[in-house]
Amino acid sequence: MSAKPLPDGLQLDTLAVRAAVAKSQYGENSEALYLTSSFVQPDSETAARRFSGEEAGYIYSRFTNPTVASMEQRLAALEGTEACIATSSGMAAVLLLCMGLLKAGDHVICSQSVFGATIKLIAGEFGKFGVESSFVSQTDVAQWQAAVRPNTRLLFAETPTNPLTEVCDIAALAAVAHAAGALLAVDNCFCTPILQQPVKLGADLVIHSGTKYLDGQGRVIAGAICGPAQLITEKFVPVMRSAGMSLSAFNAWVVLKGMETLRIRMLAQSTAALDLAHWLEQHPKVQRVYFPGLASHPQHALAMAQQSGWGGAVLSFDVKASDTATARKNAHYVIDQTQICSITANLGDTKTTITHPASTSHGRLTEAQREAAGIQQSLVRVAVGLEDLIDLKTDLARGLDSL
Ligand SMILES: *Cc1c(COP(=O)(O)O)cnc(C)c1O
């Protein structure tokens with residue numbers, strides 16, 4: 001079922017294409033897609049041994065599937081972790097993380113700037129079951145330290161954040177977590193292991209929404225947790241088996257193939273985003289650009305050290321406006337004047353997406369909460385894809401130039 005064994009010490013580019021290729025008896029060169037709900041057992045005794053875990057072997061695709069296993073092993077190889085467990089979505093990965101690590105009375109410290117659904121899941125859903133949580137500044141390590149309680153089990157961060165691209169210091173947060181006897185989990189959706197490997201910086205677990213750059217072409221919803229084999233086997237595999245937030249084999253196959261081009265996409269899209277950020281910073285109708293690759297970014301030095309010298313491919317900017325009502329009107333105008341960019345909240349696609357966070361992803365916040373989070377009505381977020389930069393600039397200039 002597996003290809004000839006790979007030599008040790010391969011580079012990331014090779015692993016992205018070659019790691020964990022599951023093969024059928026036909027010797028196909030592309031990864032096989034095992035689209036089956038269950039696996040036939042040779043006899044009752046073997047079935048009994050497999051069900052009890054005494055013997056390895058595929059049983060049922062809620063807990064084991066060869067295509068899903070390939071995707072898990074390839075992502076673990078890229079993240080530099082021992083193991084990985086795939087989930088049906090990025091949020092299912094956060095759900096599995098919390099179900100596996102937390103019980104009533106435990107405490108989580110989380111950045112207040114993480115993905116909105118993560119905040120709702122931890123504070124709202126897990127709050128219902130007696131899990132305590134504190135939400136602290138993305139960038140002020142002292143706030144994380146001050147939030148530590150005797151029952152703190154987990155620190156959760158995401159870097160850079162959406163949409164303001166704030167960067168946190170992974171190594172510093174890992175130190176706070178470990179001194180408290182807690183684990184640090186980092187959502188690495190924006191950087192992917194190509195730009196940033198959180199475990200190398202001290203994090204214990206890495207969360208992914210495979211929906212974004214890992215798939216990379218906006219086709220499927222997927223997620224994963226990467227980390228030490230013992231944690232994955234003991235804490236997460238049993239929950240997956242009982243709770244079933246499993247990734248479908250088809251979606252795993254799409255993500256598996258997506259990872260083959262992850263590096264060239266990340267580098268091309270990050271290069272384009274840096275160019276676009278410089279161009280926007282010079283535009284007379286742009287107030288401010290938020291992008292870790294710019295020298296003007298407050299955590300530029302940290303971002304460059306942590307993200308292999310890259311800013312990533314997501315940037316935001318405030319359009320100029322005289323007051324709040326005009327700000328919203330101007331931002332909507334710039335977005336609506338585009339003819340190429342897709343008006344959608346997704347990111348990590350080869351197609352550039354453009355969105356107005358204040359009236360979409362952050363539309364459920366009150367005006368005061370939104371101002372506190374720094375997300376103004378003038379803000380536009382662009383997740384840069386693979387189109388020609390000349391065309392993208394023309395697309396954005398259409399609205400900006402006529403404000
Ligand atoms: C999209 C996203 C998620 C959630 O992932 P889904 O696959 O949509 O469930 C989590 N974190 C970040 C940073 C995201 O961008």
Side-chain angles (χ1 to χ4, degrees), residues 68 71 75 79 84-99 108 110-126 135 138 154 156-168 170 185-196 198 203 205-226 240 243-248 250-252 254-255 258-259 262 266 269 273 290 292 303 307 311-316 342 344-349 353-355 357 360-362 373 375 381-385:
V68 176
M71 187 235 119
L75 183 53
E79 279 292 357
C84 168
I85 183 164
T87 56
S88 55
S89 69
M91 288 321 303
V94 184
L95 175 68
L96 178 59
L97 175 84
C98 293
M99 285 184 76
V108 183
C110 183
S111 160
Q112 66 199 7
S113 313
V114 297
F115 194 65
T118 302
I119 295 180
K120 289 215 174 281
L121 182 63
I122 292 175
E125 304 306 329
F126 279 89
F135 292 88
Q138 169 79 0
L154 176 67
F156 189 100
E158 173 188 321
T159 183
T161 58
N162 179 26
L164 294 178
T165 73
E166 291 178 300
V167 175
C168 68
I170 295 174
V186 174
D187 183 331
N188 201 25
C189 177
F190 270 52
C191 277
T192 82
I194 301 304
L195 307 189
Q196 168 175 284
L205 294 158
V206 182
I207 300 294
H208 271 289
S209 166
T211 315
K212 311 296 167 53
Y213 294 101
L214 300 185
D215 166 4
Q217 295 174 59
R219 298 164 293 195
V220 300
I221 302 282
I225 304 176
C226 300
M240 172 71 75
M245 59 287 269
S246 335
L247 184 60
S248 82
F250 180 77
N251 288 3
V254 171
V255 173
M259 280 191 276
L262 181 60
M266 281 312 289
Q269 290 173 235
Y290 306 80
Q307 301 173 192
V314 179
L315 60 85
S316 294
S342 309
T344 173
N346 193 31
L347 62 96
D349 199 321
T353 62
I354 190 163
T355 178
T360 58
S361 54
H362 296 71
I375 297 162
R381 191 203 72 190
V382 178
V384 181

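Worth knowing before you read on, the calculation uses all heavy atoms, side chains too, and leaves out hydrogens, waters and symmetry mates. Every number for a ligand or one of its atoms is a count from 1 in the order of the listing.
Taking the ring centre of Phe115 as origin, the terminal cationic atom of Lys212 falls inside the region bounded by 6.0 Å and 45° from the ring axis.
The salt bridge (charged side-chain N to carboxylate O under 4.0 Å, His left out) check on Asp215 picks up Arg219, with sequence neighbours excluded. With sequence neighbours excluded, the residues satisfying side-chain contact (heavy atoms from CB on, under 4.5 Å) with Ser89 are Met91, Ala92, Ile221. Residues forming a side chain to side chain donor-acceptor pair (under 3.5 Å) with Ser342 (at least two apart in sequence, or on another chain): none.
A heavy-atom distance below 4.5 Å is not found between the side chains of Leu164 and Ser113. Between Leu347 and Phe190, the closest side-chain pair of non-hydrogen atoms falls below 4.5 Å.
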Starting from the N and O atoms of ligand 1, collect every protein N/O partner closer than 3.5 Å and put each pair on its own line with the distance to 0.1 Å.
unit_1, atom_1, unit_2, atom_2, d
ligand 1, 5 (O), Ser209, OG, 3.0
ligand 1, 7 (O), Gly90, N, 2.8
ligand 1, 7 (O), Ser209, OG, 2.8
ligand 1, 7 (O), Thr211, OG1, 2.6
ligand 1, 9 (O), Gly90, N, 3.1
ligand 1, 9 (O), Met91, N, 2.9
ligand 1, 11 (N), Asp187, OD2, 2.6
ligand 1, 15 (O), Lys212, NZ, 2.6

